[in-house]
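Have a look at the structure below, then the notes.
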Amino acid sequence: MNPSLPLRFAALAVAAPMLALAASSPHKASPTPAPPAAAPAPPPAFVAAAQRLEERWKAAAPKSSDPVIRLLAGAPFAAGEIERIAASAATDPLALYWLHAACTAELRPTGCPAKAAAVTLTQVDPDNAVGWIERFNAASARGNAFDADASLARAAQARRYDLRQGELLKRLADFSRQIDAEATLPVVVAVAGNALRPQQLARLLDACRPPAAGEKRSPLAESRRKQCWSIFETMATRGTDVAAAWTAASVMRRLAATEAEKKRAAELRLRASRLSAAGAVGPWTSFEARTDLSPRGLWSLYLADLIAVGEIAATERALTRSGMKLEDIDPNQPMTKMRR
């Protein structure tokens, strides 16, 4: 399997990836530390379902008519094929996003021509900061400061930040059910869920980074600082992704120039930290829940909500379903407890 693919099959034949979903048992008190107890094995029915879907994905995904599935599977494209797909995908922002990302970042599928980097996602979805950040990334990679600055300015005017993860999961689920009618959402995520990944923000973070104490770096111009603040505030408040909201609120803390901005950044960071920590304590993220094949299981219901309303709202719904409140979540859950 190509290690550069965003889609990484779970290889559940040995159950190792699923074991990572379980929290390790605490060490017992002893003069010499005892090794942690072995993590529970996934139910045989779950392993069998995941093995079956994985094998069918490997055989069918490279030949799918859906360009998103083919890109995620690392399928080769004939010369000019990606350009034709882009031209016919004007009403498919998800496909345009993946085509743009693939041709300007690390994927670069076979047959990806240079001018495919100009796929104009922003014309199809101009109010979404995701597309403008992609254009900023592409312009920065080319060393085109004018286009990079213009893209950053448009990103600051965007009204939302939507990676369309719910739409992507639905596409993954729909394709999975075409090749395996019994595929449930937990199995789809175990096999193909690595495609649900955050946007690459390294170039944006560098462009918006104030100089550290003693660093020989020019301070951010106030106009740039305001642009960056606006982009990250949109990401934190009008986005669907928990990780992006946490990153955005963290950056806002460094960009804050007034007491009001510092307070705003602190509030958003606390909310994002609690949303992230919910993955450590929410019963829907437990090992047992994630390996439950029932469509009415807590993990299945959460994933259905993720498709319908996005990750942040899905987490809030899962908390309510479990009788929990976001404000009661400890935002400082140690990473060792995180289940995902």
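Note that these values count all heavy atoms, side chains included, but never hydrogens, waters or copies made by symmetry.
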Electrostatic pair K226:E233 at N-O distance under 4.0 angstrom
no

Working to the nearest 0.5 angstrom, can you tell me the gap between S273 OG and I329 CD1?
12.0 Å

Okay, side chain of S286, backbone of P283: is any donor-acceptor separation there less than 3.5 Å?
yes

Is a donor on one side and an acceptor on the other found under 3.5 Å between the side chain of R56 and the backbone of I179?
yes

Step-by-step salt bridge (Lys or Arg N to Asp or Glu O under 4.0 Å) determination, D206 to R209
CA-CA 5 Å; D206 186 63; R209 181 170 63 86; 3.8 Å; yes

Assess whether a salt bridge exists between R271 and E267, defined as any Lys/Arg side-chain N lying under 4.0 Å from an Asp/Glu carboxylate O.
no

How about V189 and W299: do any of their side-chain heavy atoms sit closer than 4.5 Å?
yes

Ignoring hydrogens, what is the shortest heavy-atom contact between M324 and W284? Give both atom names and the distance.
SD-CZ3, 4.4 Å

Measure the shortest side-chain to side-chain distance between L163 and Y97 over non-hydrogen atoms and say whether it is less than 4.5 angstrom.
yes

For a quick test of reading the model, state the closest non-hydrogen atom pair linking C208 to L255 and the distance between them.
O-CD2, 3.3 Å

Kindly indicate, with the supporting measurements, whether the criterion side chain to side chain donor-acceptor pair (under 3.5 Å) is fulfilled by Y161 and Q199.
CA-CA 11 Å; Y161 180 85; Q199 186 175 28; 2.8 Å; yes

Tell me whether R321 at atom CZ has more than 12 heavy atoms from other residues, nucleotides or ligands lying less than 6.0 Å away.
yes

Are L185 and L301 joined in one hydrophobic group, where the rule is that I, L, V, M, F, W and Y side chains link up if heavy atoms are under 4.5 Å apart?
no

Does D330 pair with R274 as a salt bridge, N-O distance under 4.0 Å?
no

Closest non-hydrogen contact found for V191 with A50 is CG2-O, 3.6 Å

Short question: side chain of S300, backbone of R296 - any donor-acceptor pair under 3.5 Å?
no

Should the pair E222-R225 be classified as a salt bridge under the 4.0 Å nitrogen-to-oxygen rule?
yes

State, yes or no, whether a side-chain contact exists between D241 and I312 at a heavy-atom distance under 4.5 Å.
no

Going through the distances and angles, do E134 and Q200 end up as a side chain to side chain donor-acceptor pair (under 3.5 Å)?
CA-CA 8 Å; E134 282 300 305; Q200 296 298 311; over 6 Å; no

Run the numbers on E261 and R264 for salt bridge (Lys or Arg N to Asp or Glu O under 4.0 Å), then give the verdict.
CA-CA 5 Å; E261 288 182 344; R264 174 71 165 162; over 6 Å; no

Surrounding CD of E182 (heavy atoms of other residues, nucleotides or ligands, distance under 6.0 Å), is the total greater than 12?
no

Minimum-distance pair of heavy atoms, taken over all atoms of A129 and A155:
CB-O, 4.1 Å

Is a salt bridge present between R238 and D127, judged by a nitrogen-to-oxygen distance below 4.0 Å?
no

CG on L169 to CD on E311, rounded to 0.5 Å:
11.0 Å

Between D66 and R70, is there a side-chain N and carboxylate O pair less than 4.0 Å apart?
no

Side-chain donor/acceptor of T320 to backbone N/O of E316, under 3.5 Å
yes

Could you check whether K325 pairs with D328 (Lys NZ or Arg NE/NH1/NH2 to Asp/Glu carboxylate O, under 4.0 Å)?
no

Output for pair (M252 CE, R269 CZ), nearest 0.5 Å, gives 12.0 Å

Under the 3.5 angstrom rule, does the side chain of S322 hit a backbone N or O of L319 as a donor-acceptor pair?
no

Just how far is it from atom CG of D125 to atom CH2 of W132, taken to the nearest 0.5 Å?
10.5 Å

Over all atoms of both residues, closest heavy-atom pair of S176 and W57:
OG-NE1, 2.9 Å

Do side-chain atoms of T285 reach the backbone of G279 as a donor and acceptor pair under 3.5 angstrom?
yes

Check this for me: does any side-chain nitrogen of one of E167 and R171 sit under 4.0 Å from a carboxylate oxygen of the other?
yes

Do T122 and R135 get their side chains close enough for a donor-acceptor pair, meaning under 3.5 Å?
yes

Is there a continuous path of hydrophobic side-chain contacts, each under 4.5 Å between heavy atoms, that joins L220 to M235?
yes

Should L306 and T240 count as side-chain neighbours, where that means a heavy-atom distance under 4.5 Å?
no

Quick one: do V309 and V242 end up in the same hydrophobic cluster if we chain Ile, Leu, Val, Met, Phe, Trp and Tyr together by side-chain heavy atoms under 4.5 Å apart?
no

Would you say the side-chain atoms of W229 pair up with the backbone N or O of A256, donor to acceptor, closer than 3.5 Å?
no

Is the backbone N or O of G131 less than 3.5 Å from a side-chain atom of N128, with the two atoms forming a donor-acceptor pair by type?
no

Using side-chain heavy atoms (C-beta onward) and a distance below 4.5 Å, is I231 in contact with T234?
no

Main chain of W246, side chain of S250: is a donor-acceptor contact present, judged purely on distance under 3.5 Å?
yes

T291 to P42 - nearest heavy-atom pair and separation:
CG2-CB, 4.2 Å

So, S230 side chain and A156 main chain: donor-acceptor pair closer than 3.5 Å or not?
yes

Out of curiosity, L196 CG to L172 CG, how far, rounded to the nearest 0.5 Å?
6.0 Å

Distance col, row R142:CZ vs N137:CG, nearest 0.5 angstrom, shows 11.0 Å

Run the numbers on D292 and L298 for side chain to side chain contact (heavy atoms under 4.5 Å, CB included), then give the verdict.
CA-CA 8 Å; D292 181 357; L298 292 178; over 6 Å; no

